[in-house]
2 protein chains.
Amino acid sequence: MAKQGQVNDLPLTGFRTVEDVLIGLRERGGRVTPARRLLLTALFRNHAHRSAEELAGEVQAQAPDVNISTIYRNLDELVGLGVVDRTHIGGGPATYHLSSSTHGHLVCEQCGTMTEVPHELFGELGATIRERYGFAIDPHRFAVIGRCAACR
Amino acid sequence: MAKQGQVNDLPLTGFRTVEDVLIGLRERGGRVTPARRLLLTALFRNHAHRSAEELAGEVQAQAPDVNISTIYRNLDELVGLGVVDRTHIGGGPATYHLSSSTHGHLVCEQCGTMTEVPHELFGELGATIRERYGFAIDPHRFAVIGRCAACR
DNA sequence: TTAAATGCAAAGAATTTGCATAACA
DNA sequence: TGTTATGCAAATTCTTTGCATTTAA
């Protein structure tokens, strides 16, 4: 059984709206609460990377009583469901944003297999490279050469 | 003037041994202390990514009185000097390791220019990809396609 | 001698957890 | 009604900082 406050964490895919996610959540045994709806609304409002504290601020603008621990618990849940991506930057707080479906590729130099991986994986790298070298990664032509699990 | 406990932080390059770094440090107005020598010795012993706490443990095996705050202060200094790289993984503690000179490439899809960038930039990405997909990036064939500063 | 480095303790920031209460389904 | 979710406070983990003391040069 899942521990308290955590729904079945199989990936939740194909969502497009706040209500989509909430419905998926309910189908998995979770509950639709005001805090969850407000958090998702904040996340859907824009795709910027925001800290738990920033998201809490946005939620609290509507519902001042929502505690930051509730934000953390719900973010953990959404990360587990694949709805949200978490990124740890520098020494600062983790940032969260809706996971996107764009992707990069892992190309095996041995068998040529191409594995799609979520574009988010490269997000931080892309930002760093742009900053330091003025080099813009082409997200649609992003490929990494190496050896796949099968060939190793 | 640099604040207390911090030497001139221009990059310190071309070091190969613990003593190299210590000499460079002294030339910049820093001092050679037992704690620094032990920390560098630990870092040079292997290139694994280790947390401040793990490094403190190795130093304390020789000199039990060295405090973790001294480890943190010296690591900060070495990072500033370019001798050590710091990586923030997951939610856990930062990890440190000697900076290496190996590199990857940024290939411009327009002019074909190839820019070398320190391999460390890809370190975290490589670890993540290996973990999640079992895919091993070839560090010598790591190339990223995009558009260079000049062509943008 | 004197500025830099250290030890120690305390503060800080980010996140997690325990538990009683509230509220979805 | 029976869990699940929440609020609140306290605990944890990692890191930084203030200050008196020590020490390298």
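Keep in mind the model is a prediction, meaning the values are calculated, not measured. Lettering follows sequence order; numbering is per chain, from 1.
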Go through H49(B) and H97(B) one step at a time and tell me if the ring pair (Phe, Tyr, Trp, His ring centres under 6.0 Å) criterion holds.
CA-CA 5 Å; H49(B) 289 47; H97(B) 59 106; 3.9 Å; yes
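- Remark: R37(A) engages E19(A) in a side chain to side chain donor-acceptor pair (under 3.5 Å) (not counting sequence neighbours).
- The base of dA25(C) does not come close enough to the side chain of R31(A) for any donor and acceptor atom to sit less than 3.5 Å apart.
- Both V32(B) and E53(B) sit near DNA chain D, but only E53(B) has its closest nucleotide nearer the 5' end.
- Partners of R45(A) according to the salt bridge (Lys or Arg N to Asp or Glu O under 4.0 Å) rule, which considers only residues two or more places apart in sequence or in another chain, are E58(A).
- Of the possible donor and acceptor atoms, none in the side chain of R31(B) sits under 3.5 Å from a partner among the backbone N and O of R26(B).
- Counting non-hydrogen atoms under 4.0 angstrom, S69(B) reaches a base of the nucleic acid.
- In this structure a side-chain-to-backbone donor-acceptor pair under 3.5 Å is missing from S99(A) to D85(A).
- Side-chain atoms of Q62(A) never come within 3.5 Å of backbone atoms of L38(A) as a donor-acceptor pair (strictly under, hydrogens ignored).
- Contact check, R26(B) against dA24(D): no side-chain N or O comes under 4.0 Å of OP1 or OP2.
- At its two ends the helix from dT1(C)-dA25(D) to dA25(C)-dT1(D) runs along axes set 30° apart, each axis drawn from five pairs and the angle rounded to 10°.
- Among the nucleotides dA5(C), dT16(C), dG7(D), the one closest to the side chain of V66(A) is dG7(D).
- For the pair R28(B) CZ and dA5(C) P, the interatomic distance rounds to 13 Å; values are reported in whole Å.
- D76(B) has its CG atom 9 Å from the C1' atom of dT16(D), to the nearest Å.
- Atom pair L75(A):CG and dT15(C):P shows a separation of 10 Å (rounding to whole Å applied).
- Checked against dC8(C), dT6(D), dG7(D), the side chain of D65(A) finds its nearest nucleotide in dG7(D).
- Mapping R86(B) and P34(B) onto DNA chain D by nearest heavy atom places R86(B) closer to the 5' end of the strand.
- Note: CG (L39(A)) to C1' (dT6(D)) measures 14 Å, nearest angstrom.
- The distance from atom CZ of R36(B) to atom C1' of dT22(D) is 14 Å, rounded to the nearest whole Å.
- Put simply, T70(A) has a side-chain N or O that comes within less than 4.0 Å of OP1 or OP2 on dG7(D).
- The NE2 atom of H88(B) sits 13 Å away from the P atom of dT15(C) (whole-angstrom rounding).
- Looking at R50(A), its side chain does come within 3.5 Å of a backbone N or O of A42(A) through a donor-acceptor pair.
- Note on N67(A): every side-chain N or O is 4.0 Å or more away from OP1 and OP2 of dA9(D).
- Computed from coordinates, the E77(A) CD to dT17(C) P distance equals 14 Å when rounded to whole Å.
- Here Y72(B) reaches the OP1 or OP2 of dT15(D): one of its side-chain N or O atoms lies under 4.0 Å away.
- Of all heavy-atom pairs spanning L43(A) and L98(A), the tightest one is O-CG, 3.8 Å.
- Of all nucleotides listed (dA24(D), dT15(C), dG18(C)), dG18(C) comes nearest to the side chain of R73(A).
- In this structure, I71(B) places its CD1 atom 13 Å from C1' of dA5(C), rounding to the nearest Å.
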